[in-house]
Every structure is written in C-alpha cells, then in structure tokens.
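So the structure is just underneath, and the comments pick up after that.
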There are 2 protein chains.
Amino acid sequence: MVQCLPHTLDLSFAALADATRRGIIVRLGRGDASISSLAEAFQMTLTGMKKHVQVLERAGLVVTQKVGRVRTCRLGARGLAAEAEWIEAHRALFEARFAALDDIIDEIEEGSHD
Amino acid sequence: MVQCLPHTLDLSFAALADATRRGIIVRLGRGDASISSLAEAFQMTLTGMKKHVQVLERAGLVVTQKVGRVRTCRLGARGLAAEAEWIEAHRALFEARFAALDDIIDEIEEGSHD
DNA sequence: TTAATACTGAACCTAATGGTTCAGTGTTTA
DNA sequence: TAAACACTGAACCATTAGGTTCAGTATTAA
C-alpha cells in the first residue's frame, strides 16, 4: 500500500513546493473560490493564478468547475492522503537512523570518558 | 506551531518532488552511502548524483561529510517532521470540506427523491 | 445592444532543474 | 612515484517554472 505511482507524488510534492500554492490550499479550505478572487487575494494576474490552479489540479489537490463565466475551485477529493502516507512511512527511516547513531555516540562517549 | 518559514517547506517539498531523490532517502535509510555508490545505484554520473545530494542537503534532509576522498551521505537530523506537520495540519481542511460537501449532497438527495 | 466581467490562450521573459561532458584537485594504493 | 579513485567545478543543453502582457471569447448586466 505504501507503494504508489511515483508520478503522482512527483506532481503533488512539486505542487506543495510553492508558498502561493500552499496558500491557495489553505484558502480553499475556508471555502470554494473563483480564479479571480484567488488572483486578487494573492496579488497576481488572472493568468498567473490560473497556472497555479492548473498545477494543483494536475496533482489532484484541487478540482475546478466552470459555470457561466466563473471557474470555481475547491479542494480535491484525493486530499493529502498519499503524501501523508509517504512521509509517515519514511519518517521512521530517519528515526531508526538516529537511534542507531545515538548508540554509536554512546559507545564513543563510553570509550573516551573525557 | 504550524506556521514555519515557507522557505524551508519550499526546499523540502521540492526535494521530495523527484523520484530519484525520494529513492536516495530510502537508500540512506538502510545505511550511509558515498556519492559514488549512490551514483552507481541510480545509474547516474557522479556529478549528477552530487547535484541531487546537494538539493537534499539544502533542504536539510541529508547531511554529508567528507573524509579523505570519500563524501559520506546520511539522513539529516531534521527528518520529515516539518513536512509531516504541514500535511497533517492541512489534511483536516480537505476532510472538513468533504464533510460539508456530503451534507450538501444529502440535502440535494433528500430534496429530489429520484 | 453595449459595456463590463471572467476567463483563456499564445507569446514572451528570466531563472531554475536535471542531466551531461570534460578538465581539474586531492587521496590512496601499488 | 605513478596510477587509480572519488570527488569537484565549470560549462553546456533542453525543459520546466513562475511570472508577465496582450488579444481574444463567452457571459452577464445595464
């Protein structure tokens, strides 16, 4: 279950690697928003915001729907489950490494007695 | 506590957005490794691997140390804590949104009775 | 029907990525 | 001391990212 298509994680981690896009996620968490309201909130052109939303959409983090002339953006159903799963699964690696390192340090300190 | 320097998350999420670099993390979880052994494992030039390691190092996910002619890479002490924290904190946003959406769907279905 | 709104697409710009090769430098080994 | 090894740095290349402007199109409001 830990194993998932690398492609998906590539897209979603890349999407999260930008402060504006993380801000968009936070904003959409408080309610759906149009492209233009997001553009205004983040002081950016419509075109620029549309690109950010597209990045989030390709990553599955946001879905959009156009009604009339307004495109409404909302958080995607996929959520952050896959990303949370990868990070949690690999956090253990770091901790295990440091447990091992601590043992080594203990050994060194016991050996030196300074 | 949830709020942290955007810069750090920018770097670490960007570092995680590449399958090779995620692979390096997994690999280092099984033990420290030199640049050249990583380069061989991932079928890449030394120079290419060094760049990946630098990206991970700038993100604080990996630390390196040069002894003699060998640079040894290991997992960084920072771990994935900040990234896990952001993702977990914002996972709730998605879920809350979908709880709200479910309510709306319930209302629509109760209204239509088809 | 005209004007304003909301988006879209193409084109452009600069900087960063992800890789390479090639020419070093310093370290070990024979 | 000479050869092999492990890395380093500069230069290059193609692609992508993150933004812009400008010129549309479609929708809504007056």
Side-chain angles (χ1 to χ4, degrees), chain A residues 5-28 31-74 76 83, chain B residues 5-28 31-74 76 83:
Chain A
L5 292 174
H7 199 51
T8 306
L9 284 181
D10 284 3
L11 291 178
S12 52
F13 281 133
L16 293 175
D18 181 279
T20 300
R21 287 192 293 263
R22 288 194 303 276
I24 293 169
I25 288 175
V26 172
R27 177 87 175 199
L28 293 181
D32 301 350
S34 66
I35 302 279
S36 45
S37 69
L38 290 171
E40 195 189 1
F42 291 89
Q43 300 195 96
M44 191 176 295
T45 58
L46 267 183
T47 312
M49 180 51 68
K50 188 172 187 281
K51 284 192 183 181
H52 278 302
V53 169
Q54 275 174 343
V55 170
L56 289 164
E57 203 169 5
R58 275 187 225 115
L61 299 174
V62 161
V63 295
T64 72
Q65 187 188 10
K66 193 164 183 179
V67 175
R69 61 187 171 181
V70 178
R71 179 172 296 278
T72 300
C73 310
R74 73 190 65 199
E83 296 71 32
Chain B
L5 290 174
H7 199 53
T8 306
L9 285 181
D10 284 3
L11 291 177
S12 53
F13 280 133
L16 294 174
D18 182 279
T20 299
R21 286 192 295 263
R22 288 195 304 276
I24 293 168
I25 288 175
V26 172
R27 179 85 175 201
L28 294 180
D32 301 349
S34 67
I35 302 277
S36 45
S37 68
L38 289 172
E40 195 188 2
F42 290 90
Q43 299 195 94
M44 192 176 295
T45 59
L46 267 184
T47 311
M49 180 50 68
K50 187 170 187 282
K51 284 193 183 182
H52 278 302
V53 168
Q54 275 173 344
V55 170
L56 289 163
E57 203 169 7
R58 276 186 226 116
L61 298 174
V62 161
V63 294
T64 72
Q65 187 189 9
K66 192 162 184 180
V67 175
R69 63 185 169 181
V70 179
R71 179 173 296 279
T72 300
C73 311
R74 74 191 64 198
E83 296 70 32

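Since this is a predicted model, take the numbers as computed values, not measurements. Each chain gets a letter, A, B and so on, in the order its sequence line appears, and its residues count up from 1.
Residues A:Thr47 and A:Val55 both approach DNA chain D. Their nearest nucleotides, taken by heavy-atom distance, put A:Val55 toward the 5′ side.
A 4.5 Å side-chain heavy-atom check between A:Leu28 and A:Arg74 finds every atom pair outside the cut-off. Side chains of A:Cys73 and A:Asp32 form no contact here, defined as non-hydrogen atoms less than 4.5 Å apart. Contact annotation: the side chain of B:Leu16 approaches that of B:Leu61 to within less than 4.5 Å [non-hydrogen atoms, C-beta and beyond].
The CG-C1' distance, from A:Leu11 to C:dT17, rounds to 15 Å in whole Å. Protein atom CG of A:Leu46 is 17 Å distant from nucleotide atom P of D:dA23, rounded to whole Å. Whole-Å rounding puts the B:Asp10 CG to C:dA15 C1' distance at 15 Å. Between the NE2 atom of A:His52 and the P atom of D:dA17 there is a distance of 11 Å, rounded to whole Å. Distance, B:Leu16 CG to C:dT17 P: 14 Å, rounded to whole Å. Atom NZ of A:Lys51 is separated from atom P of D:dT20 by 9 Å (rounded to the nearest Å). We find that CG of A:Leu38 is positioned 16 Å from P of D:dG18, with the value rounded to whole Å. We find that NZ of A:Lys50 is positioned 12 Å from C1' of C:dA10, with the value rounded to whole Å.
A donor-acceptor contact closer than 3.5 angstrom is absent between the side chains of A:Gln65 and A:Thr72.
A:Ile35 comes within 4.0 angstrom of the backbone, heavy atoms only, and of no base. Residue A:Thr45 is classed as a base contact, given a heavy-atom separation below 4.0 Å to a base.
To the nearest 0.5 Å, atom OG1 of residue A:Thr64 and atom CD of residue A:Glu57 are 3.5 Å apart. Taking CE of A:Met44 as the start and OG1 of A:Thr20 as the end, the distance is 4.5 Å to the nearest 0.5 Å.
A heavy atom closer than 4.0 Å to some atom of DNA chain D occurs in A:Gly68, A:Arg69, these being the qualifying members of residues 63-72 of chain A.
Side-chain N/O atoms of B:Thr20 and base N/O atoms of C:dG18 include no donor-acceptor pair closer than 3.5 Å.
Heavy atoms from other residues, nucleotides or ligands lying under 6.0 Å from CD of A:Gln54 number more than 12.
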